[in-house]
Asker: 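One structure coming up, written as structure tokens, with questions to follow.
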Amino acid sequence: MTSSSMATASPNGVHPTAEPERAAGTAGPEPILQLSDLRAGYGAIEVLHGIDLMVPAGGIFAVLGPNGAGKSTLLKVLAGLHPVSGGTIVMAGREVNRARPDDLARSGLCLIPEGRGVFANLTVEENLRLITHLGARPAEIEERTYARFPQLAVRRKQVAGTMSGGEQQMLALARSVATDPGLLLIDELSMGLAPRIVEMLYELVAEIARTGVTVIAVEQFARTILGIASSAVVITTGRVVLAGLPDEVESKLSGLYLGNVAD
Amino acid sequence: MHDLIAYTIFGLVTASIYAIAASGLVVTYTTSGVFNLAHGATGMFGAFVYWQLRFAWSWPAWLALLIVVGVLAPLFGCVIEKTLMRNLADATEATKLAVTIGVLVALVGAALWIWDPQTSRPFPAFYAGSKVEILGVPVTSDQLITVGIGVLCAVGLRVLLYRTRIGLDMRAVVDDRSLVLLNGGRPDRASMFSWALGSMLASLAGILIAPYLQLSVIPLTLLVVNAYAAAVIGRLRSLSMTVVGAVIIGLLQSYAVGYLPTSTVSWLQRLPDTIPIIVLFIALLVLPHQRLRGGASRRSREAFPLPTYRLALIGSAIVVVAAIVVGPLLGTQSLFSMSSGLALGIIGLSLVPLVGYGGQISLCQMTYAGIGAVVWAHATSRGNLLGLVLAFVVAALVGAITALPAIRLRGLYLALATAALAQFCDTFVFGLSSVTVFGHTIPLFGFGSLPASRPNFPLLREASDRTYFVLLAAIFCIVGIGIVALRRSRYGRMLLAMRESPAACAMLGLRLTTVKLGVFSLSAGIAGLGGALLAGLSTQFAPDAFSFFQNLPLLLLMMAGGVAMVSGAFFGAVALGVFSAVGSMSTLFNRAASVLPGLVGVGLGEQPNGVVADIAAGLAKLGRRGARRESAAPAVADAEPVWEWSGLDAPLNKQELAILDTALGVKAGV
Ligand SMILES: Nc1ncnc2c1ncn2[C@@H]1O[C@H](COP(=O)(O)OP(=O)(O)OP(=O)(O)O)[C@@H](O)[C@H]1O
Ligand SMILES: [Mg+2]
């Protein structure tokens, strides 16, 4: 990637100037997350080669890219699970480069990691009970969650690992909603699920976003997420190569995956 | 029938104690990821403190129990977790084990220091004396109490884990530590709690078992091997299977005592003691391991310079000259200490290819050394060189044979299997009076000691203490140069590759099994040679010199020097010699010297590379022409460990070797 392709990733490129109607919950121009020249890697190998991004508060922000692009790494870095090796992360006005994951979680960031976002050996009920740092009583949390995700209420005594993939992801969503997050990071909710289930889950995500939660969703398969996103970026090999409104991104996407990025 | 019931009851009593100890081990391991080899030592120390409060100071039993199990033990667990274990998250398995071994050695040293082992300390059981009858068998009330406490612990743990908030946290941490963080939870707190709990259970088990043994340091400490066996049956994960394991071991042991014809067949006498060890070994081999945690290859923080022949030769010359010069300056006692340090150092050198290069943890090198010593004692009459060669060869053979079943194990499980082997030889083999191999009857210790003479080479006839000292230094150097050559060879690169990423190795087509078997027997052979030389030093040797426990300070000091470097082993040898020399000066020093290796081991958590590597790094930093550094960080991705024999059978060709070299950061042709 050349530096000219990075120009599309400038803050203005990401920031939606004309608000699309879909992003109902967008709460003004204040960015909830700003990354400048963010770098990270594994050992001596750099995986993220200087990411510049500005994520506005509210709405769904889609992160797309092929396998191995570094999307999961980006989310892990944002959640404090993986160290930053260069650049800065500013979250809601605070620099959080070295923040610990538990502190970030306590201040309103929630990551649903790739693969499974639930404790597989605990029951549904126990999964929800773990969230106590908010000061709410477990019973209260459970009540609220079951009201919103009635399918889970039936399964409250079931061990999470024995539920279907879709149910597990639903529980992961429920768990994250229960933490009352301001910023929700989702890594490939669709992994290994049937398209119908994925549609249903993303409807839930859109619903969560409408309550004012900013969602950053990583997806490899673009269509569904672009349908509900308010803005999107494309990352390949650790660099932002494309950023803009979902429609623009979608129209350039096919060319991008074939390797001829329109500069 | 009457007997059967009696033996069953007694078996259940010991089973209860094993279950308590093993549950503590499992809880700590699953929650914090560190297998606590010092678990038994914690129990031993708890028992001693209890004895002090209860019997020396005549406190009431309940108060002493409350203070030890309820206050001191959890406090100790918390401190250990906070100061040592918490920093070990990205350490290698060897470093993790070494730190807990350090705690073990320090606790044993401290206990021997505080409570003079010469004094006998009666330790009556709780409410000993009163009896009830069960099915016509008299049962003492302390036995009932023990079983009751065991059941209470099992039920209590279950309630704790499944009915309380902290229990839920612990199970969540076991399930997915990073997800706990993402939930805003604090896994460190759960870890600390698990260490506190583990320590409480260990001390409780120690206090309960002490009346059945004597209150003495080493047996109580090593008793935990029985708990390891139960824990391994529970796959270090399941508490209920751990309890089942404890019951199996307790009953088997009790029936063995009761029904084996020990009075008529003398070699059976020591068998009951070894039953838990045999069970441990079988459990390690039989249970499916793919799903066991531990041993997944991790990127290590450890990095070592590639040795050069020039440095090795210069170093050797200095060492030999130093031995010639220093020898006459030392008194008889110090000369003996330093010589034994060097002989132990040769045994320690056996750890360099095995642990240092290959990343395989062994806790039975002293056993191989003992075998070498026995062979030497038996074969001296056939000439010196041949005797030493035989010591090497026989130990190497035994090493290969014993490694064969253990070859698929890795990391922690390999360490436990080798510990079991060492314990087995300690409690059983070395205690036999002789073995007959191919018509040769080789005398063994049979509770006594064996005579051994010194090697008698043409130039050093009737080696005096000083000549022997120089001879040891020279042999150390020769073996060291051999190991340097090994490291620089293709085989050395394979060993390194095996340590760094077994998965990547298998993909490159390395035959890990052969590589592993080879390094095991080579290292056993070196240990055997060292053992023969050590035996020659003291001319009369008892099995204690080669007991399981002797492995621990050796491993710690070798790791402290730097177990991936010959120079590190030399540092370890000198340290062992100096500790022993200082220790022989006064009782106070002696006691301090037995605690020191433990403290050194504990420090390994902070400095896993060892002193020599750190000094070299420091010098390199100062801008001197330091040793060329080689990155131990693999460029190959850490994949999930694959089954070790999945490697293809073709040897490496040039191209693959080049890939391996790049992957390991070795410059071609170096
Ligand atoms: N633990 C690790 N150690 C070394 N390299 C890693 C590790 N995890 C990821 N990588 C490498 O980092 C790069 C980015 O990985 P990442 O998981 O972030 O990609 P991704 O965009 O999420 O891909 P996918 O769509 O397949 O999930 C890949 O080349 C991967 O091989
Ligand atoms: Mg990913």
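The sequence lines fix the lettering, A, B, ..., with proteins before strands; numbering per chain opens at 1.
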Asker: Which residues, numbered in order, of residues 164-179 of chain A come under 4.5 angstrom of chain B by heavy-atom distance?
Answerer: A/Arg175, A/Thr179
Asker: Give the minimum heavy-atom separation between B/Arg165 and A/Leu130, together with the two atoms involved.
Answerer: NH2-O, 3.2 Å
Asker: Under 3.5 Å, side chain of B/Asp175 to main-chain N/O of A/Ala120, donor-acceptor pair present?
Answerer: yes
Asker: Ion pair present between B/Asp169 and A/Arg129, side-chain N to carboxylate O less than 4.0 angstrom?
Answerer: no
Asker: Please report the closest heavy-atom contact between A/Ala105 and B/Gly184, naming both atoms and the distance.
Answerer: CB-N, 3.4 Å
Asker: Can you tell which of A/Leu81, A/Asp103, A/Ile131, A/Ile112 has the highest number of heavy-atom pairs within less than 4.5 Å of chain B?
Answerer: A/Leu81
Asker: By a 4.5 Å heavy-atom criterion (distance strictly below it), what part of A/Arg100 contacts chain B: side chain, backbone, both, or neither?
Answerer: side chain
Asker: Applying side-chain contact (heavy atoms from CB on, under 4.5 Å) between B/Leu182 and each of A/Asp102, A/Leu104, A/Leu111, report the one that passes.
Answerer: A/Leu111
Asker: Using the side chain to side chain donor-acceptor pair (under 3.5 Å) criterion, which residues pair with A/Asn127? Sequence neighbours excluded.
Answerer: none
Asker: Determine which pairs satisfy salt bridge (charged side-chain N to carboxylate O under 4.0 Å, His left out) with at least one residue from residues 71-95 of chain A, sequence neighbours left out, and list them in order.
Answerer: none
Asker: Under the side chain to side chain contact (heavy atoms under 4.5 Å, CB included) criterion, do A/Leu122 and B/Arg171 qualify, and how do the steps go?
Answerer: CA-CA 8 Å; A/Leu122 307 188; B/Arg171 283 187 297 135; 3.6 Å; yes
Asker: Between A/Gly80, A/Ser107, A/Cys110, A/Gly117, which shows the greatest number of heavy-atom pairs under 4.5 Å with chain B?
Answerer: A/Gly117
Asker: Would you check if the side chain of A/Arg106 reaches a backbone N or O of B/Gly185 as a donor-acceptor pair within less than 3.5 Å?
Answerer: no
Asker: Does anything in residues 138-163 of chain A reach chain B? List residues with heavy atoms under 4.5 Å apart, or say none.
Answerer: none
Asker: So which of B/Val180, B/Asp176, B/Leu179 has the biggest tally of heavy-atom pairs under 4.5 Å with chain A?
Answerer: B/Leu179
